[in-house]
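A quick write-up on the structure given underneath.
FYI, side chains are in, hydrogens and waters are out, and symmetry mates aren't considered; it's all heavy atoms of this structure. Residue numbers begin at 1 in each chain, while the letters A, B, ... track the order of the sequences. Since the structure is predicted, the reported quantities are computational estimates derived from the model, not experimental observations.
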Amino acid sequence: MSRKIFVLCISDSREKLQMAAMVASVAAASGDEVTVFFSMNAMLHFVKGRATEAAAEGEFGRLMAADKGVPSFKQLFAYAADLGDAKLLPCSMAVDLLKASAEDLDPVLGPPTGLTRFLSDAEGAQLFTF
Amino acid sequence: MSEMRIIDARDTFCPGPLMELISYMKRASVGDEFELLSTDKGSVNDIPEWIKKVGHEMLGSEQVEGVWHIKVRKAK
């Protein structure tokens with residue numbers, strides 16, 4: 001049976017972004033209804049001209065950055081959307097604060113969405129925070 | 001019955017091999033068969049779990065010279 005899974009992604013650490021993308025891609029590809037909400041520093045990776053390299057928190061982040069066999073978190077989020085119809089939503093507050101236009105946003109993202117809407121949709125469902 | 005297609009996912013880590021397999025299976029027809037090559041030990045346990053969960057058919061799994069060969073049939 002399909003579950004509803006919500007992922008709140010706020011950190012720009014490589015480890016947290018990678019784990020969030022792994023949860024989103026595997027759950028979406030397994031038939032779960034997945035929604036990912038990006039805010040705070042996590043948003044920087046999805047806006048043109050902002051951060052391009054996620055900082056490693058520790059040894060694992062460095063290992064993943066050095067090994068070409070580890071799929072990138074951006075590739076995994078794209079898999080979640082393409083293979084499992086996951087919704088990848090940018091936080092409207094973050095979009096406003098970054099003064100990002102629609103053209104600045106990564107095309108994998110859905111429409112800017114407010115926190116109220118996200119929390120309302122996530123009510124009673126499983127929520128993961130990274 | 002169609003010919004078994006090889007998906008080479010060697011030297012990629014979890015969930016790379018699973019995503020590769022799903023990419024191919026999504027575009028395939030019911031009855032198509034795939035042989036996934038993987039060197040990631042975690043995927044050897046994870047992929048049969050995914051196949052069972054979504055309702056495809058596991059045809060077999062064997063390790064040959066450090067490479068896992070996982071055979072799957074699209075069932076729906």
For Ile22(B) and Ala29(A), the nearest pair of non-hydrogen atoms, with its separation, is CD1-CB, 3.2 Å
Using a cut-off of 6.0 Å, state whether more than 12 heavy atoms not belonging to Tyr24(B) lie near its atom OH. no
Within residues 91-111 of chain A, the residues sitting under 4.5 Å from chain B by heavy atom, in sequence order, are none
Common cluster, Phe34(B)/Ile70(B), ILVMFWY with side-chain heavy-atom separation under 4.5 Å
yes
*Other residues, nucleotides, ligands: >12 heavy atoms within 6.0 Å of Arg62(A) CZ*: yes
Those residues of residues 36-50 of chain B that come under 4.5 Å of chain A on a heavy-atom basis, listed by number, are Trp50(B)
Checking heavy-atom separations under 4.5 Å from chain B, one finds in residues 9-28 of chain A Met22(A), Ser25(A), Val26(A)
Those residues of residues 66-81 of chain A that come under 4.5 Å of chain B on a heavy-atom basis, listed by number, are Asp67(A), Gly69(A), Val70(A), Pro71(A), Leu76(A), Tyr79(A)
Any Asp32(A) side-chain heavy atom under 4.5 Å of Lys53(B) side chain: yes
Per-residue tally against chain A (heavy atom, under 4.5 Å) across Cys14(B), Ala9(B), Ser23(B) peaks at Ser23(B)
| said: When you group the ILVMFWY residues by side-chain heavy-atom contacts below 4.5 Å and let the links chain together, are Leu18(B) and Ile51(B) in the same group? | reply: yes
- Same apolar cluster: Leu119(A) and Phe6(A), side chain cutoff 4.5 Å: yes
- [ ] Check whether Val36(A) and Leu127(A) end up in the same hydrophobic cluster, where Ile, Leu, Val, Met, Phe, Trp and Tyr are linked by side-chain heavy atoms less than 4.5 Å apart.
- [x] no
When rounded to the nearest 0.5 Å, the distance separating CG of Leu83(A) from CE of Met25(B) is 12.0 Å
Do you reckon Phe128(A) sits in the same ILVMFWY cluster as Phe118(A), going by side-chain contacts under 4.5 Å, direct or chained?
no
- Query: Any chance CE of Met58(B) has more than 12 other-residue heavy atoms, nucleotides or ligands included, within less than 6.0 Å?
  - Reply: yes
- prompt: Would you say Lys74(B) has more than 12 foreign heavy atoms packed within less than 6.0 Å of its NZ?
  reply: yes
